[in-house]
Amino acid sequence: QVQLVESGGGLVQTGGSLRLSCVASGRAFSSYAMGWFRQAPGKEREFVVGISSSAVYTAYADSVKGRFTISRDNAKNTVYLQMNSLKPEDAAVYYCAASLTYSVTPTNYIYWGQGNQVPVSS
């Protein structure tokens, strides 16, 4: 069992930056691939970025490439999402999630955080 707790959300202006953190409790964090997903009102949850268990591989949605960066610190059981040059269309609830396989598909993720609101003002 893995519990994920996110932090770092909050109102940010267009063009601004924000860093989300997700701390995992439980066993073997380093065994899990991690991902960030987001869901805006009236839209389906979408993949944002993922990172393999050893951080060798990363994947980004086209909409965030060059602006967002995922990283992880397995010693701290933490995964980060650095978001730069934020746009109004980035506004959503952001979720971190853990998977036993490196994947961009939400259904492959078995543990989810509670979600963290990120409003972006224009």
Side-chain angles (χ1 to χ4, degrees):
Q1 187 78 11
V2 175
Q3 292 82 41
L4 303 173
V5 178
E6 300 137 353
S7 61
L11 180 63
V12 62
Q13 291 185 332
T14 296
S17 297
L18 202 64
R19 189 176 82 157
L20 302 181
S21 299
C22 174
V23 179
S25 60
R27 297 169 57 183
F29 171 76
S30 61
S31 298
Y32 292 91
M34 299 297 296
W36 287 94
F37 295 79
R38 67 186 181 187
Q39 187 167 18
K43 295 187 177 182
E44 293 188 354
R45 190 170 299 188
E46 64 174 357
F47 171 80
V48 178
V49 59
I51 188 168
S52 62
S53 58
S54 60
V56 171
Y57 302 105
T58 57
Y60 293 85
D62 288 343
S63 58
V64 306
K65 280 181 181 176
R67 301 187 298 120
F68 289 14
T69 304
I70 189 172
S71 61
R72 67 188 297 162
D73 185 340
N74 286 344
K76 295 182 178 180
N77 282 13
T78 303
V79 61
Y80 305 97
L81 177 61
Q82 178 66 44
M83 303 184 289
N84 298 328
S85 303
L86 282 160
K87 305 175 181 180
E89 52 263 42
D90 293 319
V93 177
Y94 283 73
Y95 300 87
C96 71
S99 172
L100 290 173
T101 58
Y102 176 56
S103 173
V104 303
T105 306
T107 53
N108 286 334
Y109 285 77
I110 53 177
Y111 300 112
W112 291 82
Q114 80 283 1
N116 213 337
Q117 186 81 33
V118 177
V120 180
S121 64
S122 56

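Since the structure is predicted, the reported quantities are computational estimates derived from the model, not experimental observations.
- In terms of heavy atoms, V79 sits closest to S71 at CG2-O, 3.1 Å.
- What you find for G9 and N116 is that their closest heavy atoms are N-ND2, 3.4 Å.
- For the pair R72 and Y32, the NZ or CZ position fails the cation-pi test of under 6.0 Å to the six-membered ring centre and within 45 degrees of the ring normal.
- Residue I70 is not grouped with residue F37 when hydrophobic side chains (ILVMFWY) are merged at heavy-atom distances under 4.5 angstrom, including chains of intermediate members.
- The backbone N or O of A33 lies less than 3.5 Å from no partner atom in the side chain of S53, so there is not a single donor-acceptor pair.
- The shortest side-chain heavy-atom distance between Y60 and T69 falls under the 4.5 Å cut-off.
- Hydrophobic clustering, with ILVMFWY side chains joined whenever heavy atoms are under 4.5 angstrom apart, groups M34 together with F68.
- Closest heavy-atom contact between N74 and S30: ND2-CB, 3.6 Å.
- The line from CG of D73 to CZ of F29 is 8.5 Å long, rounded to the nearest 0.5 Å.
- A distance of 11.5 Å separates CD1 of I51 from CH2 of W36, quoted to the nearest 0.5 Å.
- Not a single side-chain hydrogen bond (donor to acceptor under 3.5 Å, both in side chains) links Q13 to another residue, sequence neighbours left out.
- Counting heavy atoms from C-beta on, the side chains of S25 and N77 never come closer than 4.5 Å.
- At a threshold of 4.5 Å between non-hydrogen side-chain atoms, the residues L20 and C96 do not count as touching.
- Minimum interatomic distance between V48 and V64 (heavy atoms only, all atoms of both residues): O-CG2, 3.6 Å.
- Listed here is the closest heavy atom pair of S122 and P88: CB-CG, 4.1 Å.
- In this structure the side chain of S21 reaches within 4.5 angstrom of the side chain of Y80, judged on heavy atoms.
- Side-chain atoms of Q114 come within 3.5 Å of backbone atoms of E6 as a donor-acceptor pair (strictly under, hydrogens ignored).
- The salt bridge (charged side-chain N to carboxylate O under 4.0 Å, His left out) pairs that include a residue from residues 52-62 are D62-K65, where partners are two or more places apart or lie in different chains.
- Under the 4.5 Å side-chain heavy-atom criterion for Ile, Leu, Val, Met, Phe, Trp and Tyr, L81 and Y102 are members of distinct hydrophobic clusters.
- Evaluation of the side-chain hydrogen bond (donor to acceptor under 3.5 Å, both in side chains) test over residues 84-95, restricted to residues two or more places apart or in two chains, returns S17-N84, R38-D90, R38-Y94, R67-D90, Q82-N84.
- Proximity of a side-chain donor or acceptor of Y109 to a complementary backbone N or O of S103 within less than 3.5 Å is detected.
- With rounding to the nearest 0.5 angstrom, the OG atom of S31 is 8.0 Å from the CG atom of L100.
- Contact record, C22 with L4: SG-CB, 3.8 Å, taken as the closest heavy-atom pair.
- W112 and V93 fall within the same hydrophobic cluster, defined by Ile, Leu, Val, Met, Phe, Trp and Tyr side-chain heavy atoms under 4.5 Å apart, directly or through other members.
- Hydrophobic clustering (ILVMFWY, side-chain heavy atoms < 4.5 Å, transitive): V12 and M83 are in one cluster.
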